[in-house]
Amino acid sequence: MVENKQYKRWYDYDPLLMQVVGLLRDYPEELKSQAEVFLQKVEERVSKDAIDRFYAVVKPMIKGNRWYDKDPVLSLTIELLRVVPRDIQRQAANNFIRILRSKGVEVEAAYKD
């Protein structure tokens with residue numbers, strides 16, 4: 001039997017994260033200020049220097065083919081979102097959704113509790 005393995009991205013395992021990455025792609029301008037807030041909150045926990053060192057290591061591996069690679073704020077936000085602990089990922093995801101809703105964008109729930 002041949003097993004068909006399908007590549008999954010880091011956010012494909014969580015419906016909420018899948019939704020937020022899609023929202024970041026669809027509403028980059030509306031979420032850019034919230035992405036900057038997320039970056040500031042991460043800086044408060046780990047320091048700007050640590051984030052800069054992390055991104056200096058990650059950036060050379062980025063080929064520039066992904067939709068968010070063209071915007072440095074979104075690129076750094078998504079890379080940091082990828083590596084922060086799961087509870088921080090979910091808090092940030094819920095904040096992004098809350099901000100869009102406050103701006104009048106209809107956002108459906110990614111899953112039912």
Check whether any side-chain N or O of [X] sits under 3.5 Å from a backbone N or O of [Y] as a donor-acceptor pair, and report yes or no.
{"X": "S102", "Y": "I99", "value": "yes"}
{"X": "D14", "Y": "Y11", "value": "no"}
{"X": "D12", "Y": "R9", "value": "yes"}
{"X": "S47", "Y": "E43", "value": "no"}

Are side-chain heavy atoms of [X] and [Y] found at a separation under 4.5 Å?
{"X": "V107", "Y": "F96", "result": "no"}
{"X": "L17", "Y": "W10", "result": "yes"}
{"X": "L23", "Y": "V105", "result": "no"}
{"X": "R25", "Y": "L74", "result": "no"}

What's the shortest heavy-atom distance between [X] and [Y], and which atoms?
{"X": "I88", "Y": "F38", "result": "CG2-CE1, 4.2 Å"}
{"X": "Q19", "Y": "I97", "result": "OE1-CD1, 3.4 Å"}
{"X": "W67", "Y": "L24", "result": "CH2-C, 3.6 Å"}

Rounded to the nearest 0.5 Å, how far apart are [atom1] of [X] and [atom2] of [Y]?
{"X": "E36", "Y": "L31", "atom1": "CD", "atom2": "CG", "result": "11.5 Å"}
{"X": "T77", "Y": "Q34", "atom1": "OG1", "atom2": "CD", "result": "9.5 Å"}
{"X": "R98", "Y": "K103", "atom1": "CZ", "atom2": "NZ", "result": "11.5 Å"}
{"X": "S75", "Y": "R66", "atom1": "OG", "atom2": "CZ", "result": "6.0 Å"}

Joint cluster assignment, V37 & L39, ILVMFWY side-chain distance < 4.5 Å: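 Cluster IDs for V37 and L39 differ.
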May I ask you to say whether E79 pairs ionically with R82, meaning some side-chain N is under 4.0 Å from a carboxylate O?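 A salt bridge links E79 with R82.
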Are D87 and R90 close enough for a salt bridge, meaning some N to O gap below 4.0 Å? no
Name the one of V20, L80, L81 that satisfies side-chain contact (heavy atoms from CB on, under 4.5 Å) with Q89? L81
